[in-house]
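In this chain, residues are counted from 1 in sequence order. Scope of the values below: all heavy atoms of this structure, side chains included, with no hydrogens, waters or symmetry mates.
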Amino acid sequence: MNIPAESYAMSQSSKDVLSSVFGYDAFRGEQEQIINDLISGKSCGVLMPTGSGKSLCYQIPSICMEGTGIIVSPLIALMNDQVVALREAGVKAAAIHSGLKYNEVRETFDALRNGQLDLLYVAPERLVNDNFLDILDDIKIALFAIDEAHCISQWGHDFRPDYRQVSLLRTRYPNVPCIAVTATADTATRKDIVDRLSLPKLYVAGFDRPNITYYVSIKDNPRSQLLRFLKARGEGESGIVYCLSRKKVEETAKWLTNQGYNALPYHARLEARVRANNQERFIKEEGIIMVATIAFGMGIDKPDVRFVAHLDLPKNIEAYYQETGRAGRDGLPSVAWMVYGLQDLALQRQMIEGSDSPEEQKRIERQKLTALLGYCESATCRRQVLLNYFDDDGEACDNCDTCLHPPETFDGSIPAQKVMSCILRTGQMYGGGYVIDVLLGKTNERIERQGHEALSTFGIGTEHSSKEWQSLIRQLVARGFLYVDMDAYSAIKITQDGVDFLKAKPVLKMRLDPKAIGGVSETGRKKNPTIALESDSDQALFIELKALRMSIAKENNVPPYVVFHDKTLIEMVLHKPSTLVAMNDVPGVGKSKLDKYGAAFLDKIQG
C-alpha cells in the first residue's frame with residue numbers, strides 16, 4: 001500500500017515516545033530533526049558514531065507513525081537483539097529470518113497483515129523476495145530503514161551483494177520515507193549509499209568516540225603484551241580480542257583460559273551450535289572475553305564491552321574503526337588496544353593481491369591499508385588521524401597514547417638514506433632483518449656467502465639498535481617509500497617515491513618508539529566504568545544492582561543490558577530514588593521497565 005507522505009498520521013509525539021518508551025528526556029544531536037524528517041515523509045542518510053542513538057532515529061518514527069517500520073538488517077543476531085530490547089520496552093516488534101520455525105514466521109506475517117507490528121526486522125535477501133514484496137504491497141508501511149548501510153557499497157569495508165537489491169524499494173515504494181544508517185563510511189562509500197538509494201539528504205554527526213582511549217604498540221611477544229594489558233584492566237570486564245586466523249583464535253582463547261580468563265573462541269568454521277552458544281554466552285553473561293576473527297561483531301549490540309584488542313592488523317581504517325567501535329557503546333570509558341608488526345602489513349597486502357577483485361578496487365584497498373599503517377605509525381594524536389581520514393575535525397584529545405605520552409621525533413633523512421641505500425646495494429632481494437644485520441655490521445654465514453660484508457653500507461648503521469631500524473623501516477613503508485613484496489619472500493623494495501626521496505633528500509621527521517616494555521603504550525590507562533562512583537558504599541550498591549539485574553535477566557532469558565544499561569544503574573546509585581515516581585526520572589528507565597522492574601530495584605536501593 002503506497003501511502004502518500006502527507007497522509008501519514010502520528011499516534012503520539014516523538015518526545016513522548018522518547019520519554020515513556022526509552023526513558024530519556026531529551027534528544028541528542030540531530031536525532032530530533034532526522035525523526036521529524038521521516039515523520040513528514042522525507043528520506044535521508046544518517047552517519048553517526050556507534051553508541052550515539054542511530055537506532056532511535058528509525059525506531060521512534062516507526063512507533064509514532066501509522067503502519068509498520070520495515071528494518072533491513074544484515075545479521076540474525078542483530079535482529080534478535082533489537083527485537084528483545086524493544087519488546088522489553090513495550091514496543092510491538094518482530095523479526096523474520098531463517099532461524100525461526102515455520103509457525104513463528106506465519107504468526108509474524110499474520111501480525112504484519114493485521115497491522116499489529118510497530119517494527120519488523122528482515123534480512124535483505126528476504127526483503128526483495130517476490131512473495132514478501134507482494135505482502136508489503138498490501139500493508140501500510142511507515143518507513144524503510146537500511147541498517148549497516150555501508151554494506152550496500154562496494155567501496156565499503158563490508159560490502160554485501162544482497163544489499164544492492166534493496167535499492168528497488170525506492171522505485172517500488174517512492175512515497176515511503178527511507179532512512180539509511182551507518183557508523184562507518186568514508187567519502188566514496190557515503191556517495192555510493194546516497195546515489196544508490198536516491199537519498200536527498202545526508203546527516204553526518206561526526207565520528208568521534210570520546211569515551212574510547214586508543215593505544216597502539218609494536219609486536220614484541222604479543223601474548224605477553226596482551227596479558228599485561230588485561231591485568232592492567234582488572235577483573236570481570238567483557239571484551240573482544242581480534243585475530244586474523246581461525247587457528248590463532250582457537251590457540252589464543254585456549255591460552256587465555258589457561259591464564260584464568262573466561263575466554264571463548266568465535267570464527268566462521270566453528271561448529272554452528274558451538275558458535276551460537278559462545279555468542280549467546282558473550283551477550284548474556286558478564287566478564288566474557290570473546291577471541292574472534294572479523295566474523296564476529298556486526299550485529300552485537302552489547303553496550304558494556306569495555307575493551308577491544310587487536311593482535312593483528314585489520315584490513316583498513318574503516319574495519320578498525322568499526323571493530324574498535326564495539327567498545328563502550330554505553331558511553332562509559334573503554335579502550336581500543338592493538339599490537340602490530342611489518343609482517344601484518346605484508347599479509348594484508350598478500351590478501352589484497354591474491355583476491356579476485358578488479359584492479360581498481362585493489363588499488364583502493366592498498367590506499368586504505370597504507371592509511372591504516374600511517375595511523376599506526378603516527379607521532380601525533382591518533383584520534384585526529386582517525387577523524388581526519390573520515391573528513392571530520394578533531395583537536396588533540398589527551399585520550400590516546402601519543403597524546404598521553406608524546407613520542408620523541410627526529411630528522412630521519414640520513415637514516416632513511418642509509419637503509420634505502422643498503423636495500424639497493426643488496427639487490428632489493430632481502431627482508432628487513434637481513435638488511436638490518438648488514439647495517440649493524442653483523443657477520444654471519446649468509447652475509448659472507450653473498451659477499452655483503454664488503455658493501456659500503458656494511459656497518460654504517462650502528463648508531464641505531466635493531467628495534468630502532470625496524471621502526472624506521474615500518475615508517476618508511478607507511479610513507480610509501482618502501483614496500484614488502486610477499487611474492488619475493490617478503491623482500492623490502494623501494495618505490496618510485498623512495499627513489500625520488502633519495503634524489504631530493506628532504507628533511508624527514510620520524511618518531512622514536514617508546515623503549516619501556518609494559519609502559520602505558522602497551523597496557524593502556526585503566527578506566528573503571530564506575531568512575532563516577534566515588535564512595536565505597538556507592539561502589540557496593542552498584543555491584544548489588546548488577547547482581548539483581550543478572551538475576552532478572554536469567555529469569556527472563558534476556559541479556560542483562562536489556563533490563564538496564566550500566567549507565568542507568570550508575571544513575572540509580574547517584575540519585576538513589578526513593579519512590580517509583582522518582583525512579584521514572586532516571587535516564588534509561590521508561591514506563592514499561594518501571595512497571596516490570598522498578599519496585600525490585602527500588603527495594604535494593606532503599607536497603
Side-chain angles (χ1 to χ4, degrees), residues 213-233 239-245 247-249 251-256 258-259 261 263 289 291 307-314 320 324 335-349 372-379 382 400-402 404-410 412 415 419 430-437 439-440 442 461-478 482 484 490 492 510-526:
T213 309
Y214 296 97
Y215 291 94
V216 181
S217 292
I218 305 306
K219 280 187 177 180
D220 183 19
N221 195 333
R223 282 189 178 180
S224 295
Q225 290 172 290
L226 177 62
L227 190 59
R228 283 194 292 270
F229 167 72
L230 293 176
K231 286 181 177 178
R233 297 299 303 163
I240 304 171
V241 177
Y242 282 109
C243 302
L244 190 59
S245 70
K247 180 181 179 183
K248 190 170 181 178
V249 162
E251 289 176 348
T252 303
K254 183 178 180 180
W255 174 78
L256 282 174
N258 292 337
Q259 299 299 316
Y261 291 93
I289 296 175
V291 185
F307 67 85
V308 170
H310 282 89
L311 284 182
D312 296 303
L313 194 71
Y320 173 77
T324 57
V335 169
W337 178 92
M338 177 167 65
V339 291
Y340 78 102
L342 197 57
Q343 189 66 13
D344 290 332
L345 176 70
L347 287 172
Q348 289 290 358
R349 278 294 296 265
L372 177 59
L373 186 62
Y375 164 83
C376 295
E377 291 293 339
S378 174
R382 296 202 192 278
C400 69
D401 54 353
T402 53
L404 293 168
H405 296 269
E408 295 180 51
T409 59
F410 69 105
V419 73
Y430 301 94
Y434 184 91
V435 172
I436 291 170
D437 282 348
L439 285 167
L440 293 176
K442 292 185 178 180
T462 54
E463 74 276 19
H464 294 295
S465 68
S466 176
K467 285 187 177 180
E468 286 169 344
W469 280 117
Q470 288 171 10
S471 175
L472 288 164
I473 290 174
R474 284 195 314 273
Q475 291 179 69
L476 291 171
V477 171
L482 303 177
V484 183
S490 299
I492 306 292
M510 306 188 80
R511 70 181 180 88
L512 291 171
D513 286 334
K515 290 185 172 64
I517 298 300
V520 74
S521 64
E522 282 201 347
T523 61
R525 180 176 61 183
K526 183 178 178 183

Evaluate side chain to side chain contact (heavy atoms under 4.5 Å, CB included) for Val477 paired with Leu342, printing each intermediate quantity in order.
-> CA-CA 9 Å; Val477 171; Leu342 197 57; 4.0 Å; yes
Decide side chain to side chain contact (heavy atoms under 4.5 Å, CB included) for Arg474 and Ile218; before the verdict, give the C-alpha distance in whole Å, the side-chain angles of both, and the deciding distance to 0.1 Å.
-> CA-CA 10 Å; Arg474 284 195 314 273; Ile218 305 306; 3.0 Å; yes
Starting from the C-alpha separation in whole Å, work towards a yes-or-no answer on side chain to side chain contact (heavy atoms under 4.5 Å, CB included) for Leu230 and Leu256.
-> CA-CA 10 Å; Leu230 293 176; Leu256 282 174; 3.5 Å; yes
Assess whether ring pair (Phe, Tyr, Trp, His ring centres under 6.0 Å) is satisfied between Phe229 and Tyr215, documenting all intermediate values.
-> CA-CA 10 Å; Phe229 167 72; Tyr215 291 94; 7.9 Å; no
Take Val484 and Arg349 through the test side chain to side chain contact (heavy atoms under 4.5 Å, CB included) and record every step on the way to the result.
-> CA-CA 8 Å; Val484 183; Arg349 278 294 296 265; over 6 Å; no
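A 4.5 Å side-chain heavy-atom check between Ser471 and Leu512 finds every atom pair outside the cut-off. Contact check for Cys243 versus Asp312: side-chain heavy atoms found under the 4.5 Å cut-off. Contact annotation: the side chain of Leu313 approaches that of Cys376 to within less than 4.5 Å [non-hydrogen atoms, C-beta and beyond]. Using a 4.5 Å heavy-atom threshold, the side chains of Met510 and Leu476 count as touching. The closest side-chain heavy-atom distance from Leu244 to Asp344 is not below 4.5 Å. Under the 4.5 Å side-chain criterion, counting only non-hydrogen atoms from C-beta, Leu439 is not in contact with His464. Considering only heavy atoms from C-beta on, Gln259 stays 4.5 Å or farther from Lys231 through its side chain.
A distance of 8.5 Å separates CD in Gln348 from CG in Leu372, rounded to the nearest 0.5 Å. Note that CD of Gln470 is 4.5 Å distant from OG of Ser466, once rounded to the nearest 0.5 Å. How far OH of Tyr430 is from CD1 of Ile436: 15.5 Å, rounded to the nearest 0.5 Å. With values rounded to the nearest 0.5 angstrom, Leu226 atom CG is found 11.5 Å from Ser217 atom OG.
Heavy-atom minimum distance, Leu311 versus Lys248: O-NZ, 3.4 Å. The minimum heavy-atom distance between Thr402 and Ala379, with the atom names listed, is CB-O, 4.2 Å. Scanning all heavy atoms of the two residues, the minimum distance from Ser465 to Glu468 falls at N-OE1, 2.9 Å. When every heavy atom of Arg223 is checked against every heavy atom of Thr252, the shortest pair comes out as NH2-N, 4.2 Å. Across all non-hydrogen atoms, the minimal contact from Ile492 to Gly431 is CG1-C, 3.9 Å.
Across Glu377, Gln475, Glu408, a single residue satisfies side-chain hydrogen bond (donor to acceptor under 3.5 Å, both in side chains) together with Arg511, and that is Glu377. Tested against Tyr320 for a ring pair (Phe, Tyr, Trp, His ring centres under 6.0 Å), the candidates Tyr340, Trp337, Tyr375 yield a single pass: Tyr375.
Between the side chain of Trp469 and the main chain of Gly461, a donor-acceptor pair closer than 3.5 Å is present. Between the side chain of Gln225 and the main chain of Asp220, a donor-acceptor pair closer than 3.5 Å is present.
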